[in-house]
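Computation of the quantities below employed the complete heavy-atom set of this structure, encompassing side-chain atoms and omitting hydrogens, waters and symmetry-equivalent molecules. Numbering of residues begins at 1 and proceeds along the displayed sequence. What you see is a predicted model, and the numbers here were worked out from it, not measured in a lab.
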Amino acid sequence: SFDKLILATGASPFRPPIPGIDSTRILELRDLSDADRMHAYATSGAEQAVIVGAGFIGIEVAENLVRRGIKTTIVELGDQILPPWDKEMIVPIQAHLREQGVDLRLRDSAVGFEESARGVNVQLKSGDAIESSFAVVCIGVRPESKLAAEAGIQCGPRGGIVVDDHMKTSDPNVYAVGDVTQVNDFVTKDPVQIPLAGPANRQGRIAADHIFGRSSTYRGTQGTSIVGVFGQTAAMTGQSEKALVRAGSKFEKIYIHPADHAGYYPGAEGMTLKLLFDPADGSILGAQGVGGNGVDKRIDVIAMAIQASMTVYDLEESELCYAPQYGHAKDPVNMAGFVASGVLRGDQPIVHADRLIDPANNSRFVLDVRSEGEFAAGHIPGATNIPVEGLRERLDEIPPNQKIAAYCKVGQRGYLATRILNQHGFDAANLSGG
């Protein structure tokens with residue numbers, strides 16, 4: 001019997017009904033006993049491993065196996081690794097994985113496992129077969145909500161236990177916390193299941209508070225997450241572009257490519273930041289970062305800005321730590337705010353890459369404002385090269401009645417060119433991010 005009950009049964013790895021998946025050489029990774037089994041295989045002469053699924057766990061397992069000298073293949077059904085991120089942000093991480101020797105098979109899937117003399121043969125939908133010592137299935141988790149469902153407690157369409165903002169279930173004496181629950185997205189307020197450790201811990205504290213008389217409430221989950229890949233980092237918070245598109249939400253986006261600290265101080269590492277915001281009022285909808293040192297700091301700052309319902313204009317004014325070995329006098333967070341706010345104020349109209357690489361949607365005059373040497377080394381097909389330093393003297397070479405897309409390497413010279421052109425009566429936009 002109980003007065004109050006808290007269900008914290010978590011989530012379990014999903015194991016699809018693939019022939020041969022019950023083999024002892026088909027592993028998963030949920031708890032320490034799973035890790036022990038994987039460690040035993042990895043240290044017993046294993047030469048090759050196959051990982052099915054390229055989410056957080058799959059990527060982290062791959063790095064650890066490669067560092068142990070095991071040839072590793074990742075098989076992913078989708079067209080990118082790390083599905084929560086937007087595809088273009090993850091391209092550098094995919095390239096980095098391949099540089100480290102990982103065999104990355106996108107748009108493919110495992111359809112069968114057969115034990116063999118060397119371990120297990122993984123058969124792929126593409127028709128290929130990979131001989132490996134063992135395989136690891138990392139294709140997502142499902143909430144362990146069977147007990148709740150059998151007790152008549154309300155669960156969502158994906159199995160997560162439905163809770164209110166006190167973490168109370170449909171039974172007033174039963175609470176649920178962590179990966180087993182369905183909660184609300186902090187940004188959209190829609191029901192979601194996002195299995196992350198930080199939200200799970202906060203939910204546990206809130207349930208305990210409420211049981212003992214405090215009116216603590218859970219604000220919702222915004223999906224702030226991070227993964228490391230051979231010294232590179234991918235982090236995100238809030239909504240992705242793909243999620244906003246699925247929901248039919250209005251948004252704008254910008255890209256910047258800052259270094260983690262002042263470039264003249266040794267050891268600076270580059271990153272790419274993507275900021276998504278409401279074009280009406282500048283509310284921050286989400287952010288993603290990929291690169292070296294400092295990605296985590298910037299996404300954490302923007303995550304707090306989302307929690308505080310701040311806008312891109314507030315990012316302009318954020319006062320953050322500065323010394324040359326730690327950051328910039330204009331921090332990447334400030335720069336994201338400057339660029340996004342400039343778009344909203346009309347200071348710099350922007351255009352995005354998908355418009356320029358699709359001939360059916362692009363009727364713009366494409367202007368490359370980099371140096372002649374940069375242009376010769378590679379450029380957007382059909383682009384005209386006029387370096388920004390000489391643009392004012394060559395305005396007669398630009399069609400006056402056609403929309404113009406200016407671009408450079410990272411967006412700064414493109415911005416300057418756009419300002420020059422618009423002030424001379426042209427209809428110009430800058431390629432965001434270069």
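What you find for Phe426 and Pro400 is that their closest heavy atoms are CE2-CA, 3.8 Å. The two residues Ile299 and Ala235 have their closest heavy-atom pair at CG1-CB, 3.8 Å. When all heavy atoms of Ala428 and Asn422 are compared, the closest pair comes out as N-OD1, 2.9 Å. Nearest heavy-atom pair across Gln80 and Gln94 is CA-OE1, 3.1 Å. Closest non-hydrogen pair, Ser145 versus Ile161, comes out as CB-CG1, 3.9 Å. A pairwise comparison of heavy atoms in Asp368 and Asn385 identifies O-ND2, 2.9 Å as the closest pair.
Remark: of the listed residues Val187, Thr224, Ile284, Thr224 is the sole one forming a side chain to side chain contact (heavy atoms under 4.5 Å, CB included) with Thr237. Just one residue in the list Leu82, Ile194, Leu196 forms a side chain to side chain contact (heavy atoms under 4.5 Å, CB included) with Ser225, and that residue is Leu196.
Here CZ of Arg392 is found 8.5 Å from CG of Leu395. Values are rounded to the nearest 0.5 Å. Annotation: the span from Leu421 atom CG to Leu416 atom CG amounts to 11.0 Å, rounded to 0.5 Å. Atom CG of Leu104 is separated from atom CZ of Arg98 by 4.5 Å, given to the nearest 0.5 angstrom. Expressed to the nearest 0.5 Å, how far OG1 of Thr73 lies from CD1 of Ile51 amounts to 8.5 Å. Distance check, rounded to the nearest 0.5 Å: CG of Leu285 to NZ of Lys253 gives 13.0 Å. One distance of note links CG of Asn293 with CG of Asp260; it measures 5.0 Å at 0.5 Å rounding.
By the 4.0 Å N-to-carboxylate-O rule, Glu252 lies too far from Lys274 to be salt-bridged with it. Between Arg105 and Asp128 there is a salt bridge, since a side-chain N of the basic residue sits under 4.0 Å from a carboxylate O of the acidic one. The pair Arg394-Glu389 does not meet the salt-bridge criterion, since no charged nitrogen lies less than 4.0 angstrom from a carboxylate oxygen. Ion pairing between Arg298 and Asp331 holds under the 4.0 Å rule for side-chain N and carboxylate O. Salt bridge annotation for Lys409-Glu374: absent, with no cationic side-chain nitrogen under 4.0 angstrom from a carboxylate oxygen. Salt-bridge check for Lys297 with Asp300: failed, with every basic side-chain N at 4.0 Å or more from each acidic carboxylate O.
In this structure, Lys242 places its NZ atom where more than 12 heavy-atom neighbours from other residues, nucleotides or ligands lie under 6.0 Å away. By the neighbour-count criterion of 12 heavy atoms within 6.0 Å, atom CZ of Arg15 is densely surrounded, having more than that number from other residues, nucleotides or ligands. Within a 6.0 Å radius of CD in Gln402, more than 12 heavy atoms belonging to other residues, nucleotides or ligands are found. The environment of Tyr326 atom OH is sparse: at most 12 non-hydrogen atoms of other residues, nucleotides or ligands sit within 6.0 angstrom. For Glu393, the CD atom counts as densely surrounded, since its 6.0 Å shell holds more than 12 non-hydrogen atoms of other residues, nucleotides or ligands. The number of heavy-atom neighbours closer than 6.0 Å to OH of Tyr265, taken from other residues, nucleotides and ligands shown, is 12 or below. For Glu269, the CD atom is densely surrounded, since the number of other residues' heavy atoms within 6.0 Å is greater than 12.
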Test side chain to side chain contact (heavy atoms under 4.5 Å, CB included) on Leu106 and Ile81; report intermediate values, then the result.
CA-CA 8 Å; Leu106 300 177; Ile81 66 170; 4.2 Å; yes
Before giving the answer on salt bridge (Lys or Arg N to Asp or Glu O under 4.0 Å), spell out for Arg30 and Glu144 the whole-Å C-alpha distance, their side-chain angles and the decisive distance to 0.1 Å.
CA-CA 12 Å; Arg30 184 191 189 193; Glu144 288 273 24; 3.5 Å; yes
Apply salt bridge (Lys or Arg N to Asp or Glu O under 4.0 Å) to the pair Lys250 and Asp278, showing each step before the final yes or no.
CA-CA 7 Å; Lys250 292 183 178 180; Asp278 189 320; over 6 Å; no
Test side-chain hydrogen bond (donor to acceptor under 3.5 Å, both in side chains) on Ser341 and Glu316; report intermediate values, then the result.
CA-CA 8 Å; Ser341 300; Glu316 290 185 293; 3.3 Å; yes
Passes side chain to side chain contact (heavy atoms under 4.5 Å, CB included), Glu241 versus Val245? Steps please.
CA-CA 6 Å; Glu241 180 177 354; Val245 170; 4.2 Å; yes
Before giving the answer on side-chain hydrogen bond (donor to acceptor under 3.5 Å, both in side chains), spell out for His210 and Tyr175 the whole-Å C-alpha distance, their side-chain angles and the decisive distance to 0.1 Å.
CA-CA 10 Å; His210 196 257; Tyr175 293 72; 2.8 Å; yes
With side chain to side chain contact (heavy atoms under 4.5 Å, CB included) as the test, would you mind laying out the steps for Val75 and Val50 before giving the verdict?
CA-CA 7 Å; Val75 179; Val50 173; 4.0 Å; yes
Apply side chain to side chain contact (heavy atoms under 4.5 Å, CB included) to the pair Ile380 and Tyr407, showing each step before the final yes or no.
CA-CA 9 Å; Ile380 294 175; Tyr407 76 88; 3.6 Å; yes
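When atom types are taken as modelled, the side chain of Thr169 and the backbone of Asp171 share a donor-acceptor pair closer than 3.5 angstrom. Judged by distance alone, with hydrogens and angles left aside, the side-chain atoms of Arg364 form no donor-acceptor pair with the main-chain N or O of Ala406 at under 3.5 Å. Side-chain atoms of Ser283 never come within 3.5 Å of backbone atoms of Asp281 as a donor-acceptor pair (strictly under, hydrogens ignored). Although no hydrogens or angles enter the test, the distance criterion places a donor-acceptor pair under 3.5 Å between the side chain of His424 and the main chain of Ile420. His257 contributes a side-chain N or O that, together with a main-chain N or O of Gly433, makes up a donor-acceptor pair within less than 3.5 Å. For the pair Ser132 (side chain) and Gln48 (backbone), a donor-acceptor distance under 3.5 Å is absent. Remark: side-chain polar atoms of Asp179 are not paired, donor with acceptor, to backbone N or O of Pro143 under 3.5 angstrom. Between the Glu76 side chain and the Gly78 main chain, a donor and an acceptor come within less than 3.5 Å of each other. Side-chain atoms of Gln154 never come within 3.5 Å of backbone atoms of Ser170 as a donor-acceptor pair (strictly under, hydrogens ignored). Ser318 places a side-chain N or O within 3.5 Å of a backbone atom of Asp314 that can act as its donor or acceptor partner.
Side chain to side chain, Ser33 and Asp31 meet the donor-acceptor criterion of an N or O pair below 3.5 Å. A donor-acceptor contact closer than 3.5 angstrom is absent between the side chains of Tyr218 and His166. Checking Asp86 against Gln288 by side-chain atom types alone, a donor-acceptor pair falls below 3.5 Å. Side-chain N/O atoms of Glu88 and Tyr255 include a donor and acceptor closer than 3.5 Å. A side-chain donor from one of Asp209 and Ser216 sits under 3.5 Å from a side-chain acceptor of the other. Side-chain atoms of Thr418 and Gln348 include no donor-acceptor pair closer than 3.5 Å. Arg158 and Gln182 share no donor-acceptor pair across their side chains, judged by distance under 3.5 Å alone.
Both tests pass for Lys189 against the ring of Phe186: distance under 6.0 Å to the centre and angle within 45° of the axis.
Between Phe230 and His96, the ring-plane angle classifies as perpendicular under the 30° and 60° cut-offs.
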